[in-house]
Amino acid sequence: MKIASWNVNSIKVRLPNLLQWLDEFSPDIVMLQETKCVEDAFPRLELEAAGYHCAVVGQKAYNGVALLSRQPIEEVLTVLPGDPEDQQARYLEATIGDLRVASIYLPNGNPAPGEKFNYKLAWMERLQARARELLSLEQPIVLGGDWNVIPEPVDCHDPEAWRDDALFRPESRAAFRTILHLGYTDAYRALNPDTTHAYTFWDYQAGAWQRDNGIRIDHLLLSPQAADRLAEAGIDREPRGRERASDHTPVWCRLRDR
DNA sequence: ATGGTTGTTCCACAA
């Protein structure tokens, strides 16, 4: 069972890249972020033709997350609980087979400090509460997505350049650790404890890709029942080097069948 | 320190 997460930065622009990658990589489940379209504009027919069920939550122009799955998608939750005022399409949770999965697009939070940073931290509090609730299911869970958090200095090319950024500030990193400490496992880091230059995002600007000036901000967090089945984890850099690439590349893991 | 890029939308904003 291959599970991947990819911030595609517009599903409309990236559909050819996505279809090519689905064909080559053949994941069973994909969490998508920054689809940047309303539900009705999501290219459901093309993805179904490629063999995937779709669940989508979207809004105009910004945000938007989706789940793709070879198996049917059930018991869908389209909002992160905890704030009825929050209108941003950033969370989609569902049951697929014996798994509970979520596609997460965590707020960027810049500039920090400020309102956007406050929103990020409040959103992380809500996510932590939901992550704790989910653990009581005692089920394999995968919380995957663009977490917009650089967990450790080793997860960026130049820590000094990111020091005051919302993705690397102590508050963001602490909130991420708090979720890990509930009992979740960072799939990539668990199986690649010493790997450096393992990035999932390279800015479009200033030749960041060519200079490998990247950051690791896309993560798959596993509940204990999922971590027990973790067989492989990696980052597929190939899509980032293609024509019309997203600024993110997919992160993935493989869980053993039970 | 600055500027560099991409996407969506409407003449900026988000990343």
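From a predicted model like this one, the values you see are computed outputs, not experimental measurements. For the numbers below, each heavy atom of this structure counts, side chains included, while hydrogens, waters and symmetry mates do not. Chain letters run A, B, ... following the sequence lines, proteins first, then strands; residues in each count from 1.
- For dC11(B) and dG7(B), the C1' atoms lie 16 Å apart once the distance is rounded to whole Å.
- Asp186(A) is linked by a salt bridge (charged side-chain N to carboxylate O under 4.0 Å, His left out) to Arg216(A), counting only residues two or more places apart in sequence or in another chain.
- Counting to the nearest Å, the P atom of dC13(B) and the CD atom of Glu115(A) are 16 Å from each other.
- In the hydrophobic clustering of this structure, Tyr91(A) groups with Leu137(A); members are Ile, Leu, Val, Met, Phe, Trp, Tyr whose side-chain heavy atoms approach within less than 4.5 Å, directly or through other members.
- If you check every strand for non-hydrogen atoms under 4.0 Å, Tyr105(A) touches sugar and phosphate atoms only.
- Spacing of C1' atoms, dA14(B) relative to dC10(B), comes out at 15 Å, to the nearest Å.
- Across the protein-nucleic acid pair, Leu106(A) atom CG and dA15(B) atom C1' stand 14 Å apart, rounded to whole Å.
- Ion pairing of Asp212(A) with Arg237(A) is present here, as a side-chain N (NZ or NE/NH1/NH2) and a carboxylate O approach within less than 4.0 Å.
- For Lys36(A), taking side-chain heavy atoms from C-beta onward, the closest of the listed nucleotides dT8(B), dA15(B), dC10(B) is dT8(B).
- Comparing atom distances between the Asn108(A) side chain and each of dA15(B), dT6(B), dG7(B) picks out dA15(B) as nearest.
- With a 4.5 Å cut-off on side-chain heavy atoms, Arg189(A) and Leu180(A) do not count as touching.
- Along DNA chain B, the nucleotide nearest Ile11(A) and the nucleotide nearest Arg90(A) are compared for position; the residue whose nucleotide lies closer to the 5' end is Ile11(A).
- For Ser10(A) and dT8(B), the shortest distance from a side-chain N or O to OP1 or OP2 is below 4.0 Å.
- Residue Lys120(A) places no side-chain N or O under 4.0 Å from the OP1 or OP2 atom of dA15(B).
- One atom, OH of Tyr62(A), and another, P of dT8(B), lie 11 Å apart when rounded to the nearest Å.
- In this structure the side chain of Val79(A) never reaches within 4.5 angstrom of the side chain of Leu92(A), judged on heavy atoms.
- The nearest whole Å value for the distance from the CG atom in Asn63(A) to the C1' atom in dT8(B) is 12 Å.
- For the residue pair Trp21(A) and Asp236(A), a side-chain donor N or O sits within less than 3.5 Å of a side-chain acceptor on the partner.
- Looking at residues 12-21 of chain A, you'll see Val13(A), Arg14(A) sit with a heavy atom under 4.0 Å from some atom of DNA chain B.
- The stretch residues 162-177 of chain A has no heavy atom under 4.0 angstrom from DNA chain B at all.
- Applying a 4.0 Å cut-off to non-hydrogen atoms, the residues of residues 235-252 of chain A that approach DNA chain B are Arg244(A), listed by residue number.
- The CD-P distance, from Glu34(A) to dA14(B), rounds to 12 Å in whole Å.
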Can you give me every donor-acceptor pair (side chain of residues 56-65 of chain A, partner residue at least two apart or in another chain, under 3.5 Å) with its distance?
{"unit_1": "Gln59(A)", "atom_1": "OE1", "unit_2": "Asn63(A)", "atom_2": "ND2", "d": "3.2"}
{"unit_1": "Gln59(A)", "atom_1": "OE1", "unit_2": "Ala89(A)", "atom_2": "N", "d": "2.7"}
{"unit_1": "Asn63(A)", "atom_1": "OD1", "unit_2": "Arg90(A)", "atom_2": "NH2", "d": "3.2"}
{"unit_1": "Asn63(A)", "atom_1": "ND2", "unit_2": "Gln88(A)", "atom_2": "OE1", "d": "3.3"}

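- One interatomic measurement links the two molecules: NZ of Lys60(A) to C1' of dC13(B), which rounds to 14 Å at whole-angstrom precision.
- A straight line from CG of Asn110(A) to P of dC13(B) spans 16 Å, rounded to a whole angstrom.
- Ile29(A) is not listed as a side-chain neighbour of Arg70(A), based on a closest heavy-atom distance of 4.5 Å or more.
- Side chains of Tyr119(A) and Asp86(A): a donor on one and an acceptor on the other come within 3.5 Å.
- Nucleotide dC13(B) holds its C1' atom 13 Å from the CD atom of Gln88(A), rounded to whole Å.
- Looking at which nucleotide of DNA chain B each of Gly109(A) and Tyr204(A) is closest to, the 5′-most match is held by Tyr204(A).
- Look at the P atom in both dT9(B) and dA15(B): the space between them is 15 Å, to the nearest Å.
- Annotation: salt bridge (charged side-chain N to carboxylate O under 4.0 Å, His left out) contacts of Glu243(A) (sequence neighbours excluded): none.
- Side-chain atoms of Gln139(A) and Ser223(A) form no donor-acceptor pair, as typed in the model, at a separation below 3.5 Å.
- Under the 4.0 Å criterion applied to side-chain N and carboxylate O atoms, Glu46(A) and Arg14(A) are not assigned as salt-bridge partners.
- Of the listed nucleotides (dA15(B), dT9(B), dC13(B)), dA15(B) has the atom at the smallest distance from the side chain of Gln205(A).
- With no hydrogens or angles considered, a side-chain donor-acceptor pair links Glu34(A) and Asn7(A) at under 3.5 Å.
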